[in-house]
Amino acid sequence: MPHLTSTTAGSTGTGVRTALGIPGYAHPLVAPAQWAELARPGTPLDWVVLDVAAGPGSRPDPHCLEAAGRLRAAGVRVLGHLDLTYGARAFGELLSDAHRHLDWYRVDGFLLDRCPTERTALPEVRRAVTTLRAISDTTHIVLGHGRHPHPGYAENADQLVTFAGSWSDYRWSQVAEWTADYPPDRFCHFVHSVPRGHLGEALRIARWQGAATVYFTDRTDRGGRVDPWEAMPGYWDDIVSLVGTGVSE
């Protein structure tokens, strides 16, 4: 069921105001220009994920410290990457990574990547989220499911990633009806392999399905062999313009 609300600035006729969520670029030493671009004033960012080395790494990284500090100075929310490995990650390891993210990089919250979707895993995810909020009471929690989970997860996080995949799948995707009970700023969509000529269509799909945080890229996963999110899209300026100003229906 689409979200039908009044139109606001920077939106289409569905009235969804959209911003960018960055799943996590390559290490700032490898991609310094891309990290610097994220701190440019006026970029419509919701948050940026910092993934040092499949988590916070084993020691403070000066390049990541600089990148995170530059983003905070620009008023951009920085999230630490935590891998739940679909529920297989030990709770103690997860908590240890969270503390390092907070102590070293002063993150504003966490993306809990590879989050399970089943109802049976909900109590353990709830325990993790409750603990993260206890160690940082202003933390922003994003659950990275990649598809629609059991609706109970929506009560335990600030946002859910309910789509992460290719454009060929996204353009024919269907939104779960239960999401209509929540505002669009609760949902995120990450789409790779989006051709430049279909950016407007991708944004309309996100807004129609009620996802206010998006990320689109022309990078591909090469059949699952590479991470499509680690490099900035070739049409970055086009995305910033579309998301910042809206597109007509």
Side-chain angles (χ1 to χ4, degrees), residues 1-26 31 33-49 70-71 74-79 111 140 142 144 146 158-175 179-180 182-221 227-249:
M1 181 181 298
H3 294 256
L4 299 176
T5 59
S6 61
T7 302
T8 59
S11 68
T12 67
T14 57
V16 179
R17 190 178 188 282
T18 314
L20 295 167
I22 309 300
Y25 287 150
Q34 298 182 38
W35 282 91
E37 178 67 20
L38 294 177
R40 185 173 67 176
T43 304
L45 291 173
D46 194 351
W47 40 257
V48 175
V49 174
R70 187 184 300 119
L71 288 171
V76 178
R77 181 188 288 147
V78 179
L79 305 183
L111 169 68
H140 186 83
V142 181
D158 297 290
Q159 293 183 298
L160 309 179
V161 180
T162 52
F163 185 93
S166 69
W167 167 243
S168 59
D169 290 332
Y170 189 61
R171 68 186 311 186
W172 306 115
S173 64
Q174 298 291 323
V175 65
T179 64
Y182 298 89
D185 60 8
R186 300 293 297 278
F187 302 104
C188 316
H189 289 175
F190 301 154
V191 191
H192 65 75
S193 310
V194 182
R196 181 187 298 268
H198 290 278
L199 272 176
E201 181 183 353
L203 188 55
R204 284 191 292 269
I205 291 172
R207 286 169 168 163
W208 183 251
Q209 292 194 4
T213 299
V214 300
Y215 185 75
F216 305 131
T217 180
D218 52 353
R219 311 296 181 181
T220 71
D221 66 352
D227 181 359
W229 319 118
E230 68 177 4
M232 185 170 280
Y235 43 55
W236 171 254
D237 288 342
D238 293 342
I239 293 178
V240 170
S241 177
L242 280 173
V243 171
T245 62
V247 294
S248 60
E249 291 284 6

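Heads up: numbering here begins at 1 and tracks the sequence.
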Carefully, step by step, assess Trp236 and Thr43 under the rule side chain to side chain contact (heavy atoms under 4.5 Å, CB included).
-> CA-CA 11 Å; Trp236 171 254; Thr43 304; 3.8 Å; yes

What's the shortest heavy-atom distance between Leu242 and Gly200, and which atoms?
-> CD1-N, 4.1 Å

Trp167 vs His198 aromatic rings, parallel, tilted or perpendicular, using cut-offs 30° and 60°?
-> tilted

Rounding to 0.5 Å, atoms CD (Gln209) and OG1 (Thr162) come to a distance of 7.5 Å

Is the shortest distance from a Lys or Arg side-chain nitrogen in Arg204 or Glu201 to a carboxylate oxygen in the other one below 4.0 Å?
-> no

Would you check, one step at a time, whether the test side chain to side chain contact (heavy atoms under 4.5 Å, CB included) holds for Val191 with Arg171?
-> CA-CA 10 Å; Val191 191; Arg171 68 186 311 186; over 6 Å; no

If you round to the nearest 0.5 Å, how far is CG of Leu203 from CZ of Phe216?
-> 5.5 Å

Taking the side chain from Ser173 and the backbone from Tyr170, do they hold a donor-acceptor pair closer than 3.5 Å?
-> yes

Is it true that a side-chain atom of Tyr235 and a backbone atom of Asp218 form a donor plus acceptor pair closer than 3.5 Å?
-> yes

Closest heavy-atom contact between Phe187 and Gly210?
-> CD1-O, 3.5 Å

NE2 on His140 to CZ on Arg77, rounded to 0.5 Å = 4.5 Å

Exam field: side chain Arg219 to backbone Ser193, donor-acceptor pair closer than 3.5 Å = no

Which residue, Leu20, Thr213, Val243, forms the side chain to side chain contact (heavy atoms under 4.5 Å, CB included) with Leu45?
-> Leu20

Closest approach of Pro23 to Leu111 (non-hydrogen atoms, all atoms of both residues) | O-CD2, 4.5 Å

Do Tyr215 and Pro233 have side chains that get closer than 4.5 Å, going by heavy atoms?
-> yes

Looking only at heavy atoms, what is the nearest atom pair of Ala39 and Leu71, with distance?
-> N-CD2, 4.0 Å

Any chance you could measure Met232, atom CE, to Trp35, atom CH2, to the nearest 0.5 Å?
-> 9.5 Å

Atom CZ in Arg207, atom NE2 in His189: separation rounded to 0.5 Å?
-> 13.0 Å

To the nearest 0.5 Å, how far apart are NE2 in His192 and CZ in Phe190?
-> 12.5 Å

Heavy-atom closest pair, residues Ala231 and Thr217 | O-OG1, 4.3 Å

Would Trp229 and Val49 satisfy side chain to side chain contact (heavy atoms under 4.5 Å, CB included), going step by step from the backbone distance to the final call?
-> CA-CA 11 Å; Trp229 319 118; Val49 174; over 6 Å; no

